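Written out below as structure tokens is the structure these notes cover.
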Amino acid sequence: MRSLTIAVVQFSPRFGRKEENLHRMEALVSGTRADIMVFPELCTTGYFFASRDEVAAVAEKPSGVSVEFFRVLAKRHDAVVVAGLAEADQGRLFNSCLVVVPEQEKALVYRKTHLFYKEKQCFDAGDTGFFVVHDAVRDVRIGPMVCYDWRFPESARVLTLLGADLIACPANLVTEAWHLVMPARAIENKVYVAVANRAGTETRAGEELVFKGSSAIYDWSGRTLRQARPHGDTVIVAEIHPAETRDKFFNPLNDVLRDRRPEFYAPLTTIRKP
Ligand code: ACM
């Protein structure tokens, strides 16, 4: 069964300094060999926007400099790149996540479904819904979600039902509760989970946010394969076996998707069946 190397990049952007952030990320991964690289949420610009105007000043179309940067990076490293950035689309602003597969012409864009705190004043709620990117070259199916999406078990479940082997979660997390939750999402869905969180602080409009670092890679049994420290920029790397997630059995008689009883999950009946 083919194994892949995944690199999770813990990186603290400087607010508003896009060019500098791109250069620093390029340097941070320059010696990294991986099939998949995951960068944090809003990693090109920083996070704590105070207004829509601030976002509009730096948000990019899919032809923008950051998208091009990640496309070049993906080609250079021969790796799928997953990275968060501020996206502009005809006056709308999204907290988005790029998935760049080096062999595919177009970068795919997931727009964060669940907005956190002041994001609600600065971004539009995502309208793409969840989707899974199939990379046939590396034989991996990647389901992106962004940060606060973690708090909704539906996010990981939908990605699993859509066929994800790996949930890739760019994040700017300011609590530690997710360490209890993400391994559970891995177990109950039998998927790998990779969280690229940022570290450091941002003070904007008189309010400070402290980001908790501790980026992590969990295997499909919820085991922590690698975890970064709470502080500092770093790259953690682990080997994964995506195909192992595709058969959802965990003993000869139980299977975490086939054993579901959707007819008894009335409020969730709009979710696609496996
Ligand atoms: C978050 O969604 N950035 C906590």
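From a predicted model like this one, the values you see are computed outputs, not experimental measurements. Ligands are counted one by one from 1 in listed order, and the atoms in each one are counted from 1 as well.
Atoms of ligand 1 found under 4.0 Å from any heavy atom of Glu119, numbered from 1 in the order shown, are 1 (C), 2 (O), 3 (N). The Lys112 neighbourhood of ligand 1 comprises atoms 1 (C), 2 (O), 3 (N), with distances under 4.0 Å to a heavy atom of that residue. Set against the non-hydrogen atoms of Cys147, the atoms of ligand 1 under 4.0 Å away are 1 (C), 2 (O), 3 (N), 4 (C).
Among residues at least two apart or in separate chains, salt bridge (Lys or Arg N to Asp or Glu O under 4.0 Å) pairs with a member in residues 45-62 are Lys18-Glu60, Arg52-Asp124, Glu54-Arg204.
Geometrically, Lys118 does not engage Phe123 in a cation-pi contact defined by less than 6.0 Å to the ring centre and at most 45° from the axis.
Using a 4.0 angstrom heavy-atom cutoff, Asn172 counts as in contact with ligand 1. For Tyr117, the heavy-atom gap to ligand 1 stays at 4.0 angstrom or more.
Remark: Phe70 pairs with Phe39 by the ring-ring contact (aromatic ring centres under 6.0 Å, His included) rule, at least two apart or across chains.
Looking at Phe116 against ligand 1, only its side chain comes within 4.0 Å, counting heavy atoms.
Between His114 and Tyr148, the ring planes are perpendicular. Angles over 60° get that label, and only those under 30° would be called parallel.
Around atom CZ of Arg246, more than 12 heavy atoms belonging to other residues, nucleotides or ligands sit under 6.0 Å away.
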